[in-house]
2 protein chains.
Amino acid sequence: MPRRSSGRVTLQHIADSVGVTKITVSRALREPHLVSEDLRLRIEEAAAALGYIPNRQAGALASGRSQSVALLIPSLSNAVFSEIQRGIEEGLSAAGYQVLIGHTGYSLLEEERLIDTYLSYGVDAMILPGTRHTDQARRLLTRSGIPLVETLELTDTPLDINVGLDQSAAAVALTEAFLERGYRRIGFMGARLDHRAQLRLAGWKRRMKQAGLSCERCLTTPRPSSYRLGGDMLASMLERWADLDGVFCNNDDLAAGALFECQRRHLDVPGQLGLAGFNGLDITEATTPTLATVVTPRRRIGDLIARKLQARLQGAPLVPCREDVGFEVVCRGSL
Amino acid sequence: MPRRSSGRVTLQHIADSVGVTKITVSRALREPHLVSEDLRLRIEEAAAALGYIPNRQAGALASGRSQSVALLIPSLSNAVFSEIQRGIEEGLSAAGYQVLIGHTGYSLLEEERLIDTYLSYGVDAMILPGTRHTDQARRLLTRSGIPLVETLELTDTPLDINVGLDQSAAAVALTEAFLERGYRRIGFMGARLDHRAQLRLAGWKRRMKQAGLSCERCLTTPRPSSYRLGGDMLASMLERWADLDGVFCNNDDLAAGALFECQRRHLDVPGQLGLAGFNGLDITEATTPTLATVVTPRRRIGDLIARKLQARLQGAPLVPCREDVGFEVVCRGSL
DNA sequence: ATGAAAGCGCTAACAG
DNA sequence: CTGTTAGCGCTTTCAT
């Protein structure tokens, strides 16, 4: 008498109905070429008729492989990730992997919690946003032995595969673009300063100092960024630093919000105020004027991650590597 | 001799190191109050020292419960879901459930594939975007017997829990707002016509016909919506129907894009053209003029889903139910 | 080409 | 409060 019967259709049920053993059914479903044509067809028929759904947990437990990969993203509402994700998903799903998404809410502790959870689900690899992790997270990841990807930023000490771009250098390059166009009293606006935002802030500061200019016109907040926030922050900055002639916005949403605020105030962009964002989202090409930004090759990041990861999943040895995908400063109309 | 040793730390290792059996370790970790204080502490210590990570697959296999819930969303880049997701996640994670996200790309077939996958992962419940599914998906879902949520739309024949709003009625109400303000040659712009978009289109048509007005000024495309697309589509519509005096945009992104195009053309909104979007995203409050829209209570949807689902997960019987969360037409500056 | 036996790591049920 | 036993559904190994 079974201890508990889940009521679910199992390999055994199919086996009984066809008159073979369950291992043959298992083979027919996973490695059809190892089973005789006739039998295979009868098994497939029976499986369909009974509505068989394989139990992956049992399969993973028995085989030690789950055919799934965890992708951690900071925020569901951040459009930056959707293209990266598309590249990853297309590449990996073709290779038979399922991509499980988890979201960290920009918190390293939540990231740690998710790492713990997904490891306990037995994922075969993990993709992380960023190169900073809690000590405990590092320990868990290293100990797990599975392939890892750290993305968006670059680090000198990758855990495994690192695909990203130099956020700080990109910020320097964008600041350079302001300087070239004659802006001097350039401010910085940042919301929810995650590590990447901090790197950009550092880049702006470095270039400003190098040019002998003041870095005081800087406003940041831990609040999540939004269009509204961009407008509100610009208003605060204009009030506080009336001589402001340009604003480096930490991302495109803030930049668009700031632009809307300028329109409200009939402030000419770029004549009276230069504006730039970061990431190169769709909206930067849609506004009037269009928005200067740093375009990041997100689709390429996704594709590259999928490619590199597949190699590791197929047994390529762990050789920590760092792939710089670069960036492009695009000035458009607002600068 | 073990057949294969995964090298992973298991309950047995901890048990050996402490000098008890593995079931006691299991209990100490899951139901601490059932184990003596002293033993519990020693076990916890050993677990930490050895770097134990529980194997959830084994746990789920043995217990029949995975403590995880699948949340399917159409698109990662659609901000509509981030708030719904927040409500769901907060509610369910407090109850000890892990939320696994999958994205369907607006495809019912991909949804079916994900349903299959997540069922095979043994999720304890599933949350679906919409009330339309393939026949096969319906079969899988019904057969699984797990709690289900269908959201965003309303249906007369819910599979289980249905939390949403009447998309068609909302579209009628928004069209009404156009009519009240004297607009008559109102067009409709829609991208990627998923079922909700179709319901809205139907609502617009119904109200227009009822008012004896023409529904010919309608432009739709299967392409994904974006700000750029909104601008391009408005351009096409103005060219084709020069007398257009208003546009019902199927979502806020398109509406914002259309507004940007008007700014480019120095077309006065709402004077020469009335505009409205749908959803009530942040951007509708940020532009100049602000955008008319239908605000949907997304956070409430998320909270309600979490509450209803918890009841079902705790054993409340399956009584198909339908919760209408309503909507609010907000006219703002563009109408 | 098919099968038998064993076991992945864990928890349920029942005993003591 | 702790242990014994059995088994979740599948795959691996080895045999035929």
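Keep in mind that the numbers below use all heavy atoms, side chains included, and drop hydrogens, waters and symmetry copies. A, B, ... follow the sequence lines: proteins, then strands. Residue 1 opens every chain.
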Asks: Using whole Å, report how far CG of A:Leu29 lies from P of D:dC10.
Replies: 10 Å
Asks: Could you check how far CD1 of B:Ile14 sits from C1' of D:dG3, rounded to whole Å?
Replies: 17 Å
Asks: Just checking, is any N or O donor in the side chain of B:His103 or A:Gln85 under 3.5 Å from an acceptor N or O on the other one?
Replies: yes
Asks: Can A:Glu150 and A:Thr131 be counted as having a side-chain donor-acceptor contact under 3.5 angstrom?
Replies: no
Asks: Using the side-chain heavy atoms of B:Ala58, tell me which of these nucleotides is nearest: D:dG3, C:dC10, D:dG9.
Replies: C:dC10
Asks: For the base of D:dG3, is there a side-chain donor-acceptor partner from B:Arg27 under 3.5 Å away?
Replies: yes
Asks: Can you tell me how far C1' of D:dG7 sits from CD of A:Gln57, to the nearest Å?
Replies: 15 Å
Asks: For D:dC10, take OP1 and OP2 only and decide whether either is under 4.0 Å from a side-chain N or O of A:Ser26.
Replies: no
Asks: Could you tell me whether the side chain of A:Asn78 and the main chain of A:Ile73 form a donor-acceptor pair under 3.5 Å?
Replies: no
Asks: A:Tyr121 and A:Asp116: side-chain donor and acceptor closer than 3.5 Å?
Replies: no
Asks: Using whole Å, what does the distance between atom C1' of nucleotide C:dG9 and atom CG of B:Asp16 come to?
Replies: 14 Å
Asks: Quick check for you: among C:dG9, D:dT11, D:dG3, whose closest atom lies nearest to any side-chain atom of A:Arg30?
Replies: D:dT11
Asks: Less than 4.0 angstrom between a side-chain N/O of A:Ser36 and OP1 or OP2 of C:dT2, yes or no?
Replies: yes
Asks: Output the rounded distance in Å from OH (A:Tyr121) to P (C:dC8).
Replies: 22 Å
Asks: Given C:dA1, D:dG9, C:dT11, which nucleotide is nearest the side-chain atoms of B:Ser63?
Replies: C:dT11
Asks: Rounding to an integer number of Å, can you tell me how far A:Gln12 CD sits from C:dA4 C1'?
Replies: 12 Å
Asks: From the list C:dT11, C:dT2, D:dT11, which nucleotide is the closest neighbour of the side chain of A:Leu39?
Replies: C:dT2
Asks: For A:Tyr52 and D:dC10, is the shortest distance between a side-chain N/O and OP1 or OP2 below 4.0 Å?
Replies: yes
Asks: Does B:Arg65 make a side-chain N or O approach to OP1 or OP2 of C:dA12 shorter than 4.0 Å?
Replies: yes
Asks: Checking contacts here: which listed nucleotide (D:dG3, C:dT11, C:dT2) is nearest the side-chain heavy atoms of B:Val20?
Replies: D:dG3
Asks: Which nucleotide wins on minimum distance to the side chain of B:Val35, given the candidates C:dG9, C:dT2, D:dT2?
Replies: D:dT2
Asks: In whole angstrom, what separates A:Leu11's CG from C:dG3's C1'?
Replies: 14 Å
Asks: Please tell me which of the listed nucleotides, D:dC1, D:dG3, D:dC10, lies nearest to the side chain of B:Thr21?
Replies: D:dG3
Asks: At less than 4.0 Å, is any side-chain N or O atom of A:Thr24 found next to OP1 or OP2 of C:dG3? Yes or no.
Replies: yes
Asks: Scan side-chain atoms only and decide if A:Ser26 and A:Arg30 contain a donor-acceptor pair under the 3.5 Å cut-off.
Replies: yes
Asks: Provide, to the nearest angstrom, the distance between the CG atom belonging to A:Leu61 and the P atom belonging to D:dT12.
Replies: 12 Å
Asks: Looking only at side-chain atoms of A:Ile23, point me to the closest of D:dT11, C:dG9, D:dT4.
Replies: D:dT11
Asks: I'd like to know if the side chain of A:His133 pairs up with that of A:Glu112 as donor and acceptor (distance under 3.5 Å, no hydrogens or angles considered).
Replies: no
Asks: Reading DNA chain D from 5' onward, which residue's closest nucleotide shows up sooner: B:Arg40 or A:Asn55?
Replies: B:Arg40
